[in-house]
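Right, one structure below, let's go through it.
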Amino acid sequence: MSNANHIVSAQGKEYHIDCKKGDLAEYIILVGDPARSQKIAQHFDSIEFEAQHREYHSYTGKLNGVRISVMSTGIGPASMEIAVIEACQITQAPTFIRCGSSGAILEHIKPGDLIISQASMRMEDTSQYFVPNAFPAVANYEICKALEQQAQKLKLTYHVGITASASGFYGAQGRSVNGLPQAQTYSTEQLKQWKVSNFEMETSTLFTLAHLKGLKAGAICAAYANRSSNTFLDDASRTQVEKNCIEVALNTMLDLAQQEKVQ
């Protein structure tokens, strides 16, 4: 069943995510941390499927009668590429919401706030194998607005802005490391001048691939730190903002599913 472009196991499972047709729902929440996928699955009323392979930990279940999946993608754009492409092979027209963590850049965004991405700078190289450098990575407007509405309902502090998606955590985000040279990259000061809201590593790849496939995708990230003020959340506060981010993502998926059912 495998060919040079599409590799599946003898059981028809995708090579990396270890899922086959029917395992994933059409509504998929993507998280970086495998532990976060389990936290989200604990909200489900029932779980019908789970798989764990490498960084890809997937759960499918029902919440308020809606079939939803959550999948961890690990760290970085290359892992996100694999997750999105392989998930698309075994679903019809999935809707994706990234529920992640990030570092704020603009000083008015405090650690503990939520950041909804309306677009993302493609500072990673994975998406450049699909589109040229000038191509924008843009969220689906419907999902962006739905995330904002859910954050408002929960009375959470949130911001809607442009995200910077880097290839890595250190050099790609302008962090100097002892013993390693620092090549030219965009500095935090430059990004502030361009009013970029936050740094992370996956959103631009998700937005680019979803757009090319004609799919809906959005992203909401918790701010665990602020790069400009060099402030960080403690463990308890980080746990709380992660819960807030999860609640917004789940409620948004339920809202989108209800709207599509009505239509």
Side-chain angles (χ1 to χ4, degrees), residues 16 28-33 36 55-56 71-88 94-106 109 114-145 147-148 158-175 183-188 190-225 227 245 249 252:
H16 298 92
I28 304 175
I29 295 177
L30 299 172
V31 300
D33 186 359
R36 191 177 304 136
E55 62 262 53
Y56 303 102
M71 177 190 294
S72 60
T73 65
I75 297 175
S79 293
M80 175 64 80
E81 178 216 40
I82 290 171
V84 172
I85 288 176
E86 294 193 2
C88 287
T95 294
F96 295 107
I97 292 179
R98 165 163 155 71
C99 175
S101 59
S102 68
I105 295 173
L106 298 178
I109 302 176
L114 298 175
I115 303 167
I116 299 167
S117 302
Q118 60 184 357
S120 185
M121 287 183 65
R122 295 171 49 241
M123 289 173 57
E124 40 76 26
D125 56 2
T126 300
S127 65
Q128 293 176 22
Y129 289 93
F130 298 90
V131 293
N133 290 342
F135 194 91
V138 182
N140 172 266
Y141 173 79
E142 179 184 349
I143 294 182
C144 189
K145 196 65 180 176
L147 287 167
E148 187 176 1
Y158 72 93
H159 311 268
V160 179
I162 295 174
T163 292
S165 297
S167 292
F169 187 76
Y170 292 99
Q173 294 188 32
R175 290 182 169 93
Q184 179 64 37
T185 186
Y186 296 120
S187 68
T188 301
Q190 285 176 305
L191 295 173
K192 281 173 59 178
Q193 290 177 2
W194 302 330
K195 296 180 173 54
V196 176
S197 296
N198 59 320
F199 251 134
E200 51 84 84
M201 292 176 273
E202 294 85 18
T203 294
S204 65
T205 299
L206 169 61
F207 285 177
T208 301
L209 295 178
H211 174 81
L212 294 177
K213 295 283 290 183
L215 304 173
K216 297 177 181 179
I220 182 169
C221 287
Y224 282 1
R227 292 285 302 276
C245 196
T252 299

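Between His16 and Tyr56, the ring planes lie perpendicular to each other; the angle is over 60°, past the 30° to 60° tilted range.
Counting heavy atoms of neighbouring residues, nucleotides and ligands inside a 6.0 Å radius, atom NZ of Lys192 exceeds 12 of them. Few gaps surround CZ on Phe135; more than 12 heavy atoms of other groups in view lie less than 6.0 Å from it. Atom CZ of Phe130 is surrounded by more than 12 heavy atoms from other residues, nucleotides or ligands within 6.0 Å.
Proximity of Ser102 to Thr163: side-chain heavy atoms (C-beta onward) are nowhere separated by under 4.5 Å. Contact of the Ser204 side chain with the Met123 side chain is not registered, since no non-hydrogen atoms from C-beta on lie closer than 4.5 Å. The closest side-chain heavy-atom distance from Ser127 to Leu209 is not below 4.5 Å. Within the 4.5 Å cutoff, no side-chain heavy atoms of Cys245 are placed close to those of Arg36. Counting heavy atoms from C-beta outward, Gln118 and Ile162 have side chains that approach closer than 4.5 Å. Residues Ile28 and Phe96 are in side-chain contact: their nearest non-hydrogen atoms beyond the backbone lie under 4.5 Å apart. The shortest distance between side-chain heavy atoms of Ile75 and Glu202 falls below 4.5 Å.
Taking Glu200 as the reference, Arg98 meet the salt bridge (Lys or Arg N to Asp or Glu O under 4.0 Å) condition, with sequence neighbours excluded. Applying the ring pair (Phe, Tyr, Trp, His ring centres under 6.0 Å) rule to His159 yields the partners His108; only residues at least two apart in sequence or on another chain are considered.
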Verdict with reasoning, Val138 to His211, per side chain to side chain contact (heavy atoms under 4.5 Å, CB included): CA-CA 8 Å; Val138 182; His211 174 81; over 6 Å; no
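When every heavy atom of Ser120 is checked against every heavy atom of Ser165, the shortest pair comes out as OG-OG, 2.7 Å.
For the residue pair Thr126 and Glu81, no side-chain donor N or O sits within less than 3.5 Å of a side-chain acceptor on the partner.
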